[in-house]
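These notes are about the structure you will find just below.
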Amino acid sequence: MFELELKNPDELVIKTKDRTVNINVVQSTIDANLPVGTIRGAGEFEIGDIAIVGISLKAGGIMYRVSIEETKIGLVGATAVVEDLDELGPIDILGTNNAKFVSIVEPKVVIPMGNMDFAEVKGSVKTDRHQKVKNRAALPPVLEIWKMD
(Lines give C-alpha, C1' and ligand atoms only; values in the text may rest on other atoms or scores of the structure.)
Protein backbone atom coordinates (compact mmCIF):
# COMPACT_ATOMS: atom_id res chain seq x y z
CA MET A 1 0.00 0.00 0.00
CA PHE A 2 1.16 3.52 -0.72
CA GLU A 3 -0.18 7.07 -0.63
CA LEU A 4 -0.07 9.81 -3.24
CA GLU A 5 -0.24 13.56 -2.63
CA LEU A 6 0.23 16.52 -4.95
CA LYS A 7 2.55 18.83 -3.01
CA ASN A 8 2.27 21.60 -5.60
CA PRO A 9 1.01 21.52 -9.19
CA ASP A 10 4.28 20.00 -10.42
CA GLU A 11 5.40 17.71 -7.58
CA LEU A 12 3.97 14.32 -6.62
CA VAL A 13 4.74 12.87 -3.20
CA ILE A 14 4.77 9.08 -2.94
CA LYS A 15 4.70 7.60 0.57
CA THR A 16 5.26 3.93 1.32
CA LYS A 17 5.66 2.29 4.70
CA ASP A 18 9.39 3.04 4.75
CA ARG A 19 9.97 5.89 2.27
CA THR A 20 8.76 9.26 1.09
CA VAL A 21 9.79 10.35 -2.39
CA ASN A 22 9.03 13.74 -4.00
CA ILE A 23 9.20 13.87 -7.80
CA ASN A 24 9.11 17.29 -9.45
CA VAL A 25 8.44 17.12 -13.21
CA VAL A 26 9.32 20.78 -13.90
CA GLN A 27 12.67 20.72 -12.11
CA SER A 28 13.33 17.07 -13.16
CA THR A 29 14.27 16.14 -9.60
CA ILE A 30 13.74 13.26 -7.19
CA ASP A 31 14.04 14.08 -3.49
CA ALA A 32 13.98 11.13 -1.10
CA ASN A 33 16.05 12.64 1.73
CA LEU A 34 19.04 10.52 0.69
CA PRO A 35 22.63 11.14 1.81
CA VAL A 36 23.57 11.87 -1.83
CA GLY A 37 20.99 14.67 -1.93
CA THR A 38 18.51 15.41 -4.69
CA ILE A 39 18.68 13.23 -7.80
CA ARG A 40 18.63 15.10 -11.12
CA GLY A 41 18.39 13.78 -14.64
CA ALA A 42 17.64 10.51 -16.36
CA GLY A 43 18.54 7.07 -15.08
CA GLU A 44 17.29 4.12 -13.05
CA PHE A 45 16.95 4.46 -9.30
CA GLU A 46 15.76 2.13 -6.54
CA ILE A 47 14.70 3.90 -3.37
CA GLY A 48 13.49 1.32 -0.89
CA ASP A 49 10.55 -0.45 -2.49
CA ILE A 50 10.13 2.25 -5.16
CA ALA A 51 11.77 1.78 -8.57
CA ILE A 52 12.06 4.94 -10.69
CA VAL A 53 13.15 5.34 -14.30
CA GLY A 54 13.87 8.90 -15.45
CA ILE A 55 13.50 9.14 -19.22
CA SER A 56 15.01 12.03 -21.23
CA LEU A 57 12.56 13.92 -23.42
CA LYS A 58 13.28 15.07 -26.97
CA ALA A 59 12.65 18.73 -26.09
CA GLY A 60 14.52 18.58 -22.79
CA GLY A 61 13.38 17.63 -19.33
CA ILE A 62 12.58 14.24 -17.85
CA MET A 63 9.47 12.10 -17.52
CA TYR A 64 9.27 9.37 -14.92
CA ARG A 65 8.01 5.79 -14.73
CA VAL A 66 7.58 4.73 -11.12
CA SER A 67 6.94 1.13 -10.04
CA ILE A 68 5.60 0.29 -6.61
CA GLU A 69 4.75 -3.37 -6.20
CA GLU A 70 2.88 -4.02 -9.48
CA THR A 71 1.47 -0.50 -9.89
CA LYS A 72 3.02 1.70 -12.60
CA ILE A 73 2.88 5.49 -12.32
CA GLY A 74 3.85 7.83 -15.16
CA LEU A 75 4.73 11.48 -14.50
CA VAL A 76 4.87 13.60 -17.63
CA GLY A 77 5.56 17.35 -17.62
CA ALA A 78 5.02 20.18 -20.07
CA THR A 79 8.05 19.54 -22.28
CA ALA A 80 6.87 16.07 -23.35
CA VAL A 81 5.50 15.43 -26.82
CA VAL A 82 3.35 12.56 -28.03
CA GLU A 83 6.37 10.70 -29.47
CA ASP A 84 7.98 10.59 -26.00
CA LEU A 85 5.09 8.60 -24.53
CA ASP A 86 6.14 5.30 -26.13
CA GLU A 87 9.03 5.16 -23.68
CA LEU A 88 6.64 5.05 -20.69
CA GLY A 89 5.14 1.66 -21.45
CA PRO A 90 1.84 0.60 -19.83
CA ILE A 91 0.83 2.97 -17.01
CA ASP A 92 -1.86 2.56 -14.33
CA ILE A 93 -1.72 6.09 -12.90
CA LEU A 94 -0.76 9.10 -15.03
CA GLY A 95 0.23 12.46 -13.58
CA THR A 96 0.29 15.02 -16.39
CA ASN A 97 -0.57 18.56 -17.37
CA ASN A 98 -1.71 17.56 -20.88
CA ALA A 99 -5.22 16.14 -21.32
CA LYS A 100 -4.28 14.78 -24.80
CA PHE A 101 -1.87 12.32 -23.19
CA VAL A 102 -4.70 10.58 -21.30
CA SER A 103 -6.25 9.04 -24.43
CA ILE A 104 -2.83 7.94 -25.67
CA VAL A 105 -1.56 6.35 -22.44
CA GLU A 106 -4.99 5.01 -21.35
CA PRO A 107 -4.34 4.89 -17.60
CA LYS A 108 -6.88 3.80 -14.98
CA VAL A 109 -6.31 7.02 -13.01
CA VAL A 110 -5.30 10.55 -14.03
CA ILE A 111 -3.76 13.07 -11.63
CA PRO A 112 -4.07 16.56 -13.16
CA MET A 113 -0.79 18.45 -12.69
CA GLY A 114 0.31 21.97 -13.58
CA ASN A 115 -2.53 23.93 -15.15
CA MET A 116 -4.23 20.96 -16.78
CA ASP A 117 -7.84 21.55 -17.76
CA PHE A 118 -9.19 18.08 -17.14
CA ALA A 119 -12.75 19.05 -18.14
CA GLU A 120 -12.16 17.46 -21.55
CA VAL A 121 -11.18 14.14 -19.94
CA LYS A 122 -14.13 11.78 -19.55
CA GLY A 123 -14.07 10.11 -16.16
CA SER A 124 -15.46 10.42 -12.68
CA VAL A 125 -13.71 12.92 -10.43
CA LYS A 126 -12.52 12.04 -6.94
CA THR A 127 -11.37 15.02 -4.87
CA ASP A 128 -9.11 14.41 -1.89
CA ARG A 129 -5.76 15.79 -0.76
CA HIS A 130 -4.31 12.28 -0.40
CA GLN A 131 -5.11 9.09 -2.27
CA LYS A 132 -4.27 5.68 -0.84
CA VAL A 133 -3.57 2.85 -3.25
CA LYS A 134 -3.92 -0.61 -1.76
CA ASN A 135 -2.65 -2.41 -4.85
CA ARG A 136 -3.00 -2.46 -8.62
CA ALA A 137 -6.11 -4.65 -8.50
CA ALA A 138 -7.87 -2.06 -6.29
CA LEU A 139 -7.58 0.69 -8.92
CA PRO A 140 -10.86 1.71 -10.58
CA PRO A 141 -11.97 -0.37 -13.61
CA VAL A 142 -12.85 2.77 -15.62
CA LEU A 143 -10.97 6.06 -15.86
CA GLU A 144 -11.03 8.13 -12.69
CA ILE A 145 -9.58 11.62 -12.16
CA TRP A 146 -7.91 12.24 -8.80
CA LYS A 147 -7.98 15.98 -8.18
CA MET A 148 -5.61 16.62 -5.26
CA ASP A 149 -5.74 20.24 -4.14
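All values derive from a computational prediction rather than experimental measurement.
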Would you mind writing out the side-chain donor-acceptor pairs for residues 35-54 within the sub-3.5 Å range, not counting sequence neighbours?
residue: D49; atom: OD1; partner: T16; partner atom: OG1; Å: 3.2

Check against side chain to side chain contact (heavy atoms under 4.5 Å, CB included), W146 and V125: CA-CA 6 Å; W146 289 355; V125 178; over 6 Å; no
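The closest side-chain heavy-atom distance from L143 to K122 is not below 4.5 Å. L12 is not listed as a side-chain neighbour of Y64, based on a closest heavy-atom distance of 4.5 Å or more.
Take K15 and apply the salt bridge (Lys or Arg N to Asp or Glu O under 4.0 Å) test, not counting sequence neighbours, and it matches E5.
Checking side-chain atoms of D31 against main-chain N and O of N33 turns up a donor-acceptor pair under 3.5 Å. In terms of modelled atom types and a separation under 3.5 Å, the side chain of E69 and the main chain of M1 share a donor-acceptor contact. Remark: the backbone N or O of E87 is paired with a side-chain donor or acceptor of R65 at under 3.5 angstrom. In this structure a side-chain-to-backbone donor-acceptor pair under 3.5 Å is present from D92 to K72. No donor-acceptor pair closer than 3.5 Å links the side chain of N135 to the backbone N or O of E70.
Taken together through direct or relayed side-chain contacts under 4.5 Å among Ile, Leu, Val, Met, Phe, Trp and Tyr, M116 and I93 form parts of separate hydrophobic clusters. No single ILVMFWY cluster, assembled from side-chain heavy atoms under 4.5 Å apart, contains both I14 and I91.
Under the 3.5 Å distance criterion, with hydrogens and angles disregarded, a donor-acceptor pair is assigned to the side chains of N8 and E11.
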